[in-house]
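Some notes on the structure that comes next.
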Amino acid sequence: MQKQAIFQSKLLPYALVAPQLAIVLIFFYWPALQAVIQSFLLQDAFGLSSTFVWIDNYIELFKDPAYFEAIVRTFFFSFAIAVSSLSFALLLAVMADKPLRGSMLYRTLLIWPYAVAPPVVGVLWIFMLHPSLGVLSRYLRGVGVDWNPLLDGNQAAALIILAAAWKQISYNFLFFLAGLQAIPRSVFEAAAIDGARPMRRFWTVTFPLLSPTIFFLLVVNIVYAFFDTFGIIDTMTRGGPGTSTVTLVYKVYSDGLLGGNLGSSAAQSVILMVMVIVLTGIQFRFVERKVTY
């Protein structure tokens, strides 16, 4: 017989859910509503008065070439971070899933980076790749690479992608490892009996059975690249040199808090939220059809 939870009071289930609902309403829906309202307003320089300007903030935003550059840069960063972090995490998960001595220690060490906060990740990578103080920078100069992300925008972008992907590898590794351990060993044994080599077994057996996990992590990594990389960018480059590492989420911060243009900043945050919702919806609508469950 299946056990079923029985509540003595009809109000008890609602009371148990109420704290979580309160947190969601206060820290998500209320700020989102305030951002939507603020996007239709124009405040003075001192923030003492505001004027309703309808969609003027959005019109001015789409006339700004720098905003479209930030959109392209954000999608490029998201693609690079998602692909690199998922690839390395899958490789590490496949290696850690093998029956090796001390495998539990390896798995624990691979999980540790996920506990590091994004600003701390930025500081760590700055220490390693600072053009004058970094340990790895000396090695790059030793092999003839003119490494200076403080002046070279492409190198700064590569540094952001490297640090953000490293931060997310541990999260992806956990899910990939759990997905690998959930695959029945009899499937691999049957493929081996049929004469499939390890690489062929991976692409014809392991990878298709991991497709639900890969699809889920793809969505999570794109959302991570859109929002959670703010701390890394602010710590490492502050959007520079120039605007070479300014993404959409960092532009919201720089235009609103640093530039004082709260209306434009609110409009950018609304557009960013809509973009993520649409992108996630497209993934669930079309990409999920090719996912094997």
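Note on Phe173: it does not cluster hydrophobically with Leu162, by side-chain heavy-atom contacts below 4.5 Å among ILVMFWY residues.
Inter-residue side-chain proximity for Ser132 and Ser137 is flagged as unmet; no heavy-atom pair is nearer than 4.5 Å.
The side chain to side chain contact (heavy atoms under 4.5 Å, CB included) with Ser87 is formed by just one residue from the set Leu90, Val83, Leu91; it is Val83.
For the residue pair Tyr58/Ser39, the side-chain donor-acceptor check at 3.5 Å is satisfied. Residues Gln268 and Asp255 have side chains that bring a donor and an acceptor to within less than 3.5 angstrom of each other.
Under the 30°/60° scheme for interplanar angles, the aromatic rings of Phe40 and Trp54 are found to lie parallel.
Proximity of the aromatic rings of Tyr253 and Tyr250 is defined here by a centroid distance below 6.0 angstrom, and this criterion is met. Ring centroids of Phe188 and Phe202 are separated by 6.0 Å or more, keeping the two rings apart. When ring centroids are compared, Phe175 and Tyr171 come within the 6.0 Å threshold.
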Query raised in the report: Should Leu150 and Gln155 be marked as a side chain to side chain contact (heavy atoms under 4.5 Å, CB included) after you check the CA-CA gap, both sets of side-chain angles, and the distance that decides it?
Result: CA-CA 8 Å; Leu150 299 179; Gln155 293 181 358; over 6 Å; no
Report task. Apply side chain to side chain contact (heavy atoms under 4.5 Å, CB included) to Thr235 and Ile126, showing your working. Result -> CA-CA 9 Å; Thr235 305; Ile126 280 293; 5.6 Å; no
Query raised in the report: Does the pair Lys251 and Asp234 meet the rule for a salt bridge (Lys or Arg N to Asp or Glu O under 4.0 Å), with working shown?
Result: CA-CA 11 Å; Lys251 188 170 176 58; Asp234 188 54; over 6 Å; no
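Between Met236 and Leu159 the shortest heavy-atom distance is CE-CG, 3.2 Å. Taking every heavy atom of both residues into account, Thr74 and Leu248 meet most closely at OG1-N, 2.9 Å. Across every non-hydrogen atom of Trp147 and Leu129, the tightest pair is NE1-O, 2.9 Å.
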